[in-house]
Novice: 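Dropping the structure in here first, questions after.
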Amino acid sequence: MAGSLPLTKYHRIYLVLKQQLEEGLHAQGLPPELELARQFGVGRVTVRYALKQLADEGLIIRTAGRGTRPTSRAEQVEKGRAVSSSDHPSMRLGGLLGNIVQMSRSTSIKVLEWRLIPASDTLAQALQIPVGTQVRKLVRTRSTSDGPVSFITSYFPADLVRGFSRADVARNPILELLETSGVELGRARQTVSAKQADATVAAELDVTIGAALLSVRRLVFDAHNRPVQFLHGLYRPDRYEYQMELSQVGAIEAHVVPTEIAP
């Protein structure tokens, strides 16, 4: 497959469209294949393959003669893609919060995006707000002396971060900013998996396109069970590791640490 299809181009288109779907930019339907091909400067076969992957993942529905539209939350649940909050164990922040903040202090930050966007169905569901409500999108990379470590995209209810500037989020751990603004952090729900680097992420993390990355999705709640941050982080596995210790009684102690690179 990789030898007959322009994997780099199709994978980039797939990831761009997936992000746009999550942000609700195609709520009324995706452009036709020919228009997408012109937008991305590729052939229709490449666009078609990217759309097929989105359809296979249950993110879009393609209907002959009626075009392509995003799936609704109900359709995703029916297909088994969406996961309810009761399906994943939650973990309390406690020491994990302190560890994340401590690790953040040992890295340098580059802010790529800090802007307001309307909440898509996915973001509204995660943050428990009405669709279309403004949320703040933050995209940052983090680096150590060895080089880039992570590419992190976060979303926040706009009212919680109204007093933060681009300079604030470039200098300080975001969870610490939330705490100092009066947010009492409570717990988090997290999923760890793997993803391939697209062209944008590969350039920022200094890896090859398609390189395997550690993917972390985290939903952080305050002490009153209100979602305050929805995060998707991509990490270089050679510079980052996630440690978890499980006791016999079920307590969880989790740590995230940058991995030291051998000289």
Side-chain angles (χ1 to χ4, degrees), residues 15-16 19-20 22-23 25 93 95-120 123 126-127 129 133-185 188 190 195 197-207 211 213-222 226-242 255-261:
L15 288 168
V16 169
Q19 174 112 9
Q20 291 176 350
E22 289 177 350
E23 295 178 358
L25 299 183
L93 286 172
L96 176 60
L97 171 59
N99 186 260
I100 290 173
V101 171
Q102 182 179 6
M103 189 199 74
S104 298
R105 290 191 177 282
S106 67
T107 58
S108 60
I109 301 170
K110 180 170 72 170
V111 177
L112 303 177
E113 286 187 50
W114 177 243
R115 62 187 177 97
L116 292 170
I117 63 171
S120 65
L123 293 178
L127 295 174
I129 56 177
T133 302
Q134 283 196 324
V135 298
R136 180 68 74 168
K137 179 182 178 183
L138 170 62
V139 181
R140 300 188 293 181
T141 59
R142 285 191 171 276
S143 303
T144 65
S145 58
D146 292 309
V149 175
S150 59
F151 183 101
I152 301 175
T153 303
S154 299
Y155 303 91
F156 310 87
D159 63 298
L160 288 184
V161 296
R162 185 170 289 116
F164 302 166
S165 68
R166 189 183 182 101
D168 290 331
V169 297
R171 290 192 301 258
N172 304 282
I174 191 68
L175 293 180
E176 187 174 71
L177 286 174
L178 287 173
E179 280 202 314
T180 57
S181 69
V183 176
E184 185 180 356
L185 296 171
Q190 182 163 283
K195 292 286 184 181
D198 66 5
T200 299
V201 174
E204 293 293 340
L205 295 186
D206 193 22
V207 296
L213 301 173
L214 185 67
S215 172
V216 175
R217 290 188 179 271
R218 182 185 305 132
L219 184 59
V220 179
F221 299 82
D222 67 10
R226 177 192 180 184
V228 296
Q229 181 194 38
F230 182 45
L231 173 149
H232 181 211
L234 296 169
Y235 301 83
R236 284 185 54 150
D238 59 336
R239 293 178 179 169
Y240 177 95
E241 81 180 20
Y242 184 88
H255 302 276
V256 286
V257 295
T259 302
E260 293 186 2
I261 308 300

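Predicted model only: the values in this text are computed from it and were never measured.
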Novice: Is Asp168 paired with Arg136 through a side-chain N to carboxylate O contact shorter than 4.0 Å?
Specialist: no

Novice: Can you tell me which residue among Thr153, Ile174, Leu112 is in a side chain to side chain contact (heavy atoms under 4.5 Å, CB included) with Arg140?
Specialist: Ile174

Novice: Can you find a pair of side-chain heavy atoms, one from Thr180 and one from Asn172, that are under 4.5 Å apart?
Specialist: no

Novice: Which heavy atom in Leu185 sits nearest to a heavy atom in Leu175, and how many Å separate them?
Specialist: CD1-O, 3.9 Å

Novice: Report the distance from atom CG of Asp159 to atom OG1 of Thr133, rounding to the nearest 0.5 Å.
Specialist: 9.5 Å

Novice: Which atom pair, heavy atoms only, marks the closest approach of Ser165 to Trp114?
Specialist: C-NE1, 3.7 Å

Novice: Side chains of Val169 and Leu177: closer than 4.5 Å at any heavy-atom pair?
Specialist: yes

Novice: Rounded to the nearest 0.5 Å, what's the gap from CD1 on Ile129 to OH on Tyr155? Could you check?
Specialist: 12.0 Å

Novice: Would you compute the distance between atom CZ of Arg162 and atom CD of Gln134 and round it to the nearest 0.5 angstrom?
Specialist: 8.5 Å

Novice: Could you check Ser143 against Val149 for side chain to side chain contact (heavy atoms under 4.5 Å, CB included), going step by step and ending with a plain yes or no?
Specialist: CA-CA 5 Å; Ser143 303; Val149 175; 5.5 Å; no

Novice: Which heavy atom in Arg142 sits nearest to a heavy atom in Pro173, and how many Å separate them?
Specialist: NH2-CA, 4.1 Å

Novice: Provide the closest heavy-atom pair for Val228 versus Phe221 in the form atom of the first, atom of the second, distance.
Specialist: CG2-C, 4.2 Å

Novice: Please report the shortest heavy-atom distance between Ala158 and Leu116, naming the atom on each side.
Specialist: CB-CD2, 3.9 Å

Novice: Checking side chain to side chain contact (heavy atoms under 4.5 Å, CB included) between Phe151 and each of Val201, Asp198, Leu213, which is the one that passes?
Specialist: Val201

Novice: In Å, rounded to the nearest 0.5 Å, how long is the span from CZ of Phe156 to CG of Leu127?
Specialist: 9.5 Å

Novice: Donor-acceptor pair, distance only, cut-off 3.5 Å: does the side chain of Arg236 make one with the backbone of Leu205?
Specialist: yes

Novice: Taking all non-hydrogen atoms of both residues, which atom of Val216 and which atom of Arg218 are closest, and how far apart?
Specialist: CG1-NH2, 4.0 Å

Novice: Could you give the distance from CD (Gln190) to CG (Leu219), rounded to the nearest 0.5 Å?
Specialist: 10.5 Å

Novice: For Val135 and Lys137, run side chain to side chain contact (heavy atoms under 4.5 Å, CB included): C-alpha distance rounded to whole Å, both residues' side-chain angles, the deciding distance at 0.1 Å, then the answer.
Specialist: CA-CA 6 Å; Val135 298; Lys137 179 182 178 183; 5.9 Å; no

Novice: Can you tell me how far the CZ atom of Arg166 sits from the CZ atom of Arg171, to the nearest 0.5 Å?
Specialist: 13.0 Å

